[in-house]
Protein chains: 2
Amino acid sequence: MTSKANQIAAEPKRRGRRPGGQDTRAALIAAAREVFAESGYQSATVRGIARRAGVDAAMVNHWFGSKEGLFAEAVLELPFAPQTLIDEIIEGDLETLGERIVRKFLTVWDAFGGGTFAALVRSVTSHEQAAEVLQDFFVKYLFSGVLKTTGSDNPKFRASLCASQMVGLGMVRYVARFEPLASADIETVVDAIAPNMQRYLTGTITRNG
Amino acid sequence: MTSKANQIAAEPKRRGRRPGGQDTRAALIAAAREVFAESGYQSATVRGIARRAGVDAAMVNHWFGSKEGLFAEAVLELPFAPQTLIDEIIEGDLETLGERIVRKFLTVWDAFGGGTFAALVRSVTSHEQAAEVLQDFFVKYLFSGVLKTTGSDNPKFRASLCASQMVGLGMVRYVARFEPLASADIETVVDAIAPNMQRYLTGTITRNG
DNA sequence: GCGATAATTCATGCGTTGTTGAACTTTTCG
DNA sequence: CGAAAAGTTCAACAACGCATGAATTATCGC
């Protein structure tokens, strides 16, 4: 007990600048990732994010201008460079490309606890730009990049097929959490899905339309 | 021009009961499907739905008790009976089961303009129950039902794999609208995806975990 | 040390949301 | 035809949303 006598709940924080270099900005981004992932853009409130970060709601406007600005930095910025991923994926045998993609996908997103992927997908709901980011990541960066180097026919159609399987995997594992896929270990999932990815990448795909 | 002189925009509607048996209830449900599909649960406003239905916002509470109640009737109730679907799908050769599933999936959801599927998926964002409905539809009703009659091994694992591909297809085609998959005609998509579905249904799937 | 600047909380403004009760009009039924 | 019931709009409320400006305290450059 401090000398300030017994206040019912949280003592009202002191005004003014806090001592020590506490990185409020980073704390807000981390909290925002969590809350946006749980609730999506609209349902998430500035107050709720600030509360979880342990600071006042006004800090959101101070550091990011608006809720929108915070969203852009916390969710719309991918937490890794796509090109690095592509380089790591491409290296290796063409017949095991699907395997490497699925494994990398699971490894990367599992590392973030699925929160960032869920945030991205959940935001497609209420935020126009999020759909673009998702599409850019999958179709433009990831698969088009991969398929360009392999020189396949119908690269865009193949890319959207691959995206459909990966988006679905992400939805089921990280957002909707269907069992047993949500809890299966990575290699089990790789074994199950990689052959199908491989077919989208290098198998025979006829394009009538 | 009526005798009421020139009012700038929409003339204020007359009070009281409207003549003729206009089905306000049904109009609200239809409008709600659209708006929930575009915006998700939180972003959709009662006033916006009512405006699109051409009635007063208070009608939502009159007919459905609350926004929540309207959501339950408009989105959570599937627009068709799952058992009917299963019956139609199962009939036929086991080797072409994947083909029939993909075709039926596209036919059904295309018929609703994709709106209902988008509404369902978009609602997973902000509404706890919606995730259950989605899971129930895919895993419990659709694929478990199908796989039970075919007597496969690992039916639940196979079901969630199938769900991942179908959810992904729905996301890409109806929600995020990645091209060219979003606009491809049904048979093209069937040709591309059915073989992969078939593998999830009857191919060899090892389950380590 | 001291002024300038940056970081933080608080109080408040202003718009929007879901919901409710009253007033009003048409239909239904005896 | 007349009274009760059902359908509909309107006005208003209380709660909550984001954003802003003033007040307060720490750090930094000299």
Side-chain angles (χ1 to χ4, degrees), chain A residues 4 7 9-32 35-36 38-75 123 125-127, chain B residues 4 7 9-32 35-36 38-75 123 125-127:
Chain A
K4 301 198 80 181
Q7 282 160 337
E11 60 226 57
K13 272 190 186 133
R14 278 182 65 194
R15 281 275 193 95
R17 185 168 188 161
R18 287 148 106 190
Q22 296 162 291
D23 197 345
T24 300
R25 217 187 111 92
L28 274 174
I29 291 186
V35 177
F36 282 131
E38 292 164 12
S39 320
Y41 182 76
Q42 276 289 338
S43 300
T45 70
V46 169
R47 285 174 162 82
I49 294 170
R51 195 180 327 121
R52 189 167 311 194
V55 299
D56 190 271
M59 298 314 296
V60 169
N61 299 87
H62 179 56
W63 287 108
F64 306 96
S66 63
K67 178 185 183 180
E68 180 73 24
L70 174 56
F71 182 76
E73 293 228 18
V75 178
S123 319
T125 298
S126 41
H127 210 277
Chain B
K4 300 197 82 184
Q7 282 159 335
E11 60 227 55
K13 271 189 185 138
R14 279 181 63 193
R15 283 274 193 94
R17 184 172 188 160
R18 285 146 105 189
Q22 295 161 291
D23 198 343
T24 300
R25 214 187 114 92
L28 274 174
I29 290 186
V35 176
F36 281 132
E38 292 164 14
S39 320
Y41 182 77
Q42 277 287 340
S43 300
T45 70
V46 169
R47 285 175 162 85
I49 294 170
R51 192 178 332 121
R52 188 167 311 193
V55 299
D56 189 271
M59 298 314 295
V60 168
N61 299 85
H62 180 57
W63 286 108
F64 305 96
S66 63
K67 178 185 183 181
E68 181 72 26
L70 174 55
F71 182 76
E73 293 227 19
V75 177
S123 316
T125 298
S126 42
H127 210 276

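We name chains A, B, ... by the order of the sequence lines, and we start the count at 1 in each one.
- The distance from atom NE2 of His62(A) to atom P of dT5(C) is 15 Å, rounded to the nearest whole Å.
- OP1 and OP2 of dA7(C) both lie 4.0 Å or more from every side-chain N or O belonging to Trp63(A).
- For Ala53(A), the side chain to side chain contact (heavy atoms under 4.5 Å, CB included) criterion is met by Ala27(A), Leu28(A), Ala31(A), Val55(A), not counting sequence neighbours.
- Between Thr24(A) and dA7(C), a side-chain N or O to OP1/OP2 separation shorter than 4.0 Å is absent.
- In terms of the side chain to side chain donor-acceptor pair (under 3.5 Å) criterion, residue partners of Arg25(A) (sequence neighbours excluded) are, by chain and number, Glu73(A).
- In this structure, Ala44(B) and Ser39(B) approach most closely via the heavy-atom pair N-CB, 3.8 Å.
- In this entry the distance linking CG of Leu28(B) with C1' of dT9(D) reads 14 Å, nearest Å.
- Taking the six-membered ring where the residue is Trp, Phe36(A) and Phe71(A) present perpendicular rings, their angle passing 60° and hence far from 30°.
- For the atom pair CG of Asp56(B) and CZ of Arg47(B), the computed distance is 9.0 Å after rounding to the nearest 0.5 Å.
- Across every non-hydrogen atom of Ile29(A) and Phe64(A), the tightest pair is CG1-CZ, 3.7 Å.
- Inter-axis angle, ends of the helix from dG15(C)-dC16(D) to dG30(C)-dC1(D), five pairs per end, rounded to 10 degrees: 10°.
- The distance from atom CZ of Arg51(B) to atom P of dG18(C) is 11 Å, rounded to the nearest whole Å.
- Summarising the geometry, the separation between CE on Met59(A) and P on dT8(C) is reported as 4 Å, rounded to the nearest angstrom.
- For the pair Asp56(A) CG and dT8(C) C1', the interatomic distance rounds to 8 Å; values are reported in whole Å.
- Nearest heavy-atom pair, Val46(B) versus Lys67(B), reported as atom, atom and distance to 0.1 Å: CG2-CB, 3.7 Å.
- Comparing Thr45(A) and Gly65(A) by the nucleotide of DNA chain D that holds the closest heavy atom to each, the one mapping nearer the 5' end is Thr45(A).
- Atom CZ of Arg47(B) is separated from atom C1' of dG18(C) by 7 Å (rounded to the nearest Å).
- For Asn61(A) and dT9(C), the CG to P distance is 13 Å, given to the nearest whole Å.
- Rounded to an integer number of Å, the gap from CG of Leu70(B) to P of dG18(C) is 11 Å.
- Backbone-only contact: Ala44(A) has heavy atoms under 4.0 Å from sugar-phosphate atoms and none from a base.
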